[in-house]
Amino acid sequence: MAATGTEQQGKAYYVTTPIYYVNDAPHLGHAYTTVAGDVLTRWHRQRGEKVWYLTGTDEHGQKIMRTAEANGVSPQDWCDKLVEEAWKPLWEHLEIAHDDFIRTTEKRHTDRVREFVQDLYDKGEIYQGGYEGPYCVGCEEYKSYGELLDGEGEFEGQKLCPIHKKPVEMLKEENYFFKLSEYGPKLLKHYEQNPGFIQPESARNEVVNFVRQGLEDLSISRSTFDWGVKVPWDDKHVIYVWIDALLNYATAVGYGFDQEKFEGTFPANVHLVGKDILRFHAVIWPAMLMANGLPLPHRIAANGWLMVGGEKMSKSNLTGISPQQLTEHFGVDAYRWYFLRAISFGHDGSFSWEDFSARYTSELANDYGNLASRVAAMVGKYFGGALPEATSAGADEQAIREGLETAVAEADRRIGDELDFAGGIAAVFDFVKQVNGYLTEQAPWKVAKDDSAEAQARLATILYTAAESLRACAVLLNPVMPETSQKLWDSLGAEASLGALADQRVQDAGRWGLLPAGSTVTKGAVLFPRLED
């Protein structure tokens, strides 16, 4: 793979998740995006690249303030409690290897937000005006009348937010406005010159059509509540929470206080976002950067919604499911694997317990886990646990080697470049199926019954081929299932003969023969235990 300009200059491969509202504990939707970012950055680390992975929490705005009031605590106390007791522990539980966790209430962020907005004001990009319209507190966004839904049942006669299905509020206030309307032509030109800027294509088309209809100036302050960053030239206003939040991608990597870090990281290679917040990231954020003379991100990738019972998974729709409910049953690695394997990133996907169970049993337990157990058991039984040398390789083994080369190239392209996690993981598991088929055809348990030197050389070659294939799978699946990959790595004798798994390069996974003959292969705990009902 050719290095990008960013990599050639030694800049970090910079990936961000949205920063999540802390009005409640995280659910599967939050974890889905964060695990995707973790797998992507782990993959690039295993390419040998410098990486920076950012996540965090969005802690200002009316929604947070009201939630805190409803719980009888201050907004800051509420945020502190949720971050320390719910968000950070979950990311640790799910093995999220982020490099930074930004909170928008931190001084390193709030000071820089005020400086950024002051710069826009000084450049004449912000003016004072008034606004009246329907407002969704859940989205922290003014809505157009055309996108509102007619309420039914208890909401009969009211207009509803199309996302939260809750009544909007009519707000009227004096605000400060950013001249967003002036940036429509510049944004359209950028979209045209950079077709991969917004992904998937359906999301790009949506944004392009939205901008072509004409942009209105954006209200960037609020005066009806005070939980937020104060507008620097008018402390009766707080900065609109979305302006505050978007700037985390700059403030967390040194904007305004660590220029060397900022230049070595910013802009992001990939902003991972939910499709419901795509316009903020693909319209408002690049316009803000243009206005302040800063470079734009390389790619904004919108993932679809996780659906359950035909509804978007969320707390407000009462379909939120705790990730721990699934990890307790399936395990953390299987959890990480399932959502990226079963759902095509960028598209909506339905979750069901039954589908998870079926895929776990078929692909993880039967195909992958059973392969590892069989190979370790046969090396132990026929060669006393010492990996034999392959001295009788032929066309069948060449087919395995070629299959591995294909799997490595396909997985690297799909996961590392295209963010096609499902396709990349499928490529690896197609190879696992190929190795299982190879073992079935070669039937080493039958070959072992022949004591001749020729048969024993053949047996050794078959088992070495299978073990070396597992070595490569451990490397390829390490970004997805790090704990399980380490267990497999150790069982192959890698600790003594290959070094640390974390040091293995994705591009080297297909180099045949890296597992030395003589390695001690042990049959450890079952990688994917059978599920209990």
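Numbering of residues begins at 1 and proceeds along the displayed sequence.
- Donor-acceptor pairing under 3.5 Å is lacking for the side chains of His27 and Ser322.
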*Any chance you could lay out the side-chain contact (heavy atoms from CB on, under 4.5 Å) test for Lys230 and His237, step after step, and finish with the verdict?*
CA-CA 6 Å; Lys230 296 289 185 181; His237 292 250; over 6 Å; no
*Test Asp38 against Arg42 for salt bridge (charged side-chain N to carboxylate O under 4.0 Å, His left out), laying out the working first.*
CA-CA 6 Å; Asp38 186 67; Arg42 284 177 183 265; 2.7 Å; yes
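- Note that NZ of Lys63 and CG of Asn23 are 5.0 Å apart. Values are rounded to the nearest 0.5 Å.
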_Between Asn175 and Ile220, does the side-chain contact (heavy atoms from CB on, under 4.5 Å) criterion hold? Intermediate values first, please._
CA-CA 7 Å; Asn175 296 329; Ile220 60 100; over 6 Å; no
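- The aromatic rings of Tyr176 and Tyr121 sit perpendicular to each other, their planes meeting at more than 60°, with 30° as the lower class boundary.
- Side chain to side chain, Asn205 and Ser202 fail the donor-acceptor criterion of an N or O pair below 3.5 Å.
- Proximity of Thr484 to Leu477: side-chain heavy atoms (C-beta onward) are nowhere separated by under 4.5 Å.
- Gln76 and Asp80 are linked by a side-chain donor-acceptor pair at a separation below 3.5 angstrom, with hydrogens and angles left out of the test.
- Exactly one of Trp227, Phe225, Trp78 qualifies for a ring-ring contact (aromatic ring centres under 6.0 Å, His included) with His60. That residue is Trp227.
- The aromatic rings of Tyr14 and His271 lie perpendicular to each other, with more than 60° between the two planes, well past the 30° mark.
- Open room surrounds CD on Glu152; 12 or fewer heavy atoms of other groups in view lie less than 6.0 Å from it.
- Counted by atom type alone, Asn292 and Lys123 present one or more donor-acceptor pairs between their side chains at under 3.5 Å.
- Between Val22 and Asp58, the closest side-chain pair of non-hydrogen atoms is not below 4.5 Å.
- Side-chain contact between Phe339 and Val35 is absent, with no heavy atoms from C-beta onward closer than 4.5 Å.
- Residues Trp233 and Gln118 have side chains in contact (heavy-atom distance under 4.5 Å, counting atoms from C-beta outward).
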*Might you work through the side-chain contact (heavy atoms from CB on, under 4.5 Å) test for Leu54 and Asn248, ending with a clear yes or no?*
CA-CA 9 Å; Leu54 173 69; Asn248 92 91; 3.4 Å; yes
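- Side-chain atoms of Arg299 and Gln199 include a donor-acceptor pair closer than 3.5 Å.
- Proximity of the aromatic rings of Tyr20 and Trp87 is defined here by a centroid distance below 6.0 angstrom, and this criterion is met.
- Side chains of Trp43 and Asp412: a donor on one and an acceptor on the other come within 3.5 Å.
- Between Tyr368 and Phe528, the angle of the ring planes lies from 30° to 60°, which puts this pair in the tilted group.
- When side chains are defined from C-beta on, Tyr255 does not count as touching Val113, because their heavy atoms never get closer than 4.5 Å.
- Side-chain contact check for Asn478 and Arg45: no donor-acceptor pair (N or O, by modelled atom type) lies under 3.5 Å.
- Between the side chain of Thr104 and the backbone N or O of Glu59, at least one donor-acceptor pair lies under 3.5 Å.
- Nearest heavy-atom pair, Pro482 versus Arg336, reported as atom, atom and distance to 0.1 Å: CD-NE, 3.7 Å.
- No close placement of the Tyr360 and Trp337 rings is indicated, their centers lying 6.0 Å or farther apart.
- If you look at Trp52 and Tyr13, their ring centroids are not closer than 6.0 Å.
- Atom CD of Glu201 is surrounded by 12 or fewer heavy atoms from other residues, nucleotides or ligands within 6.0 Å.
- Under the 3.5 Å distance criterion, with hydrogens and angles disregarded, a donor-acceptor pair is assigned to the side chains of Asp244 and His109.
- For Tyr335 and Phe330, the ring centers are positioned 6.0 Å apart or more.
- Side-chain contact check for Tyr53 and Asp100: no donor-acceptor pair (N or O, by modelled atom type) lies under 3.5 Å.
- Nearest heavy-atom pair, Val270 versus Ala301, reported as atom, atom and distance to 0.1 Å: CG1-CB, 4.3 Å.
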*asked:* Between Leu364 and Tyr338, is the side-chain contact (heavy atoms from CB on, under 4.5 Å) condition met? List the steps.
replied: CA-CA 10 Å; Leu364 293 186; Tyr338 170 75; over 6 Å; no
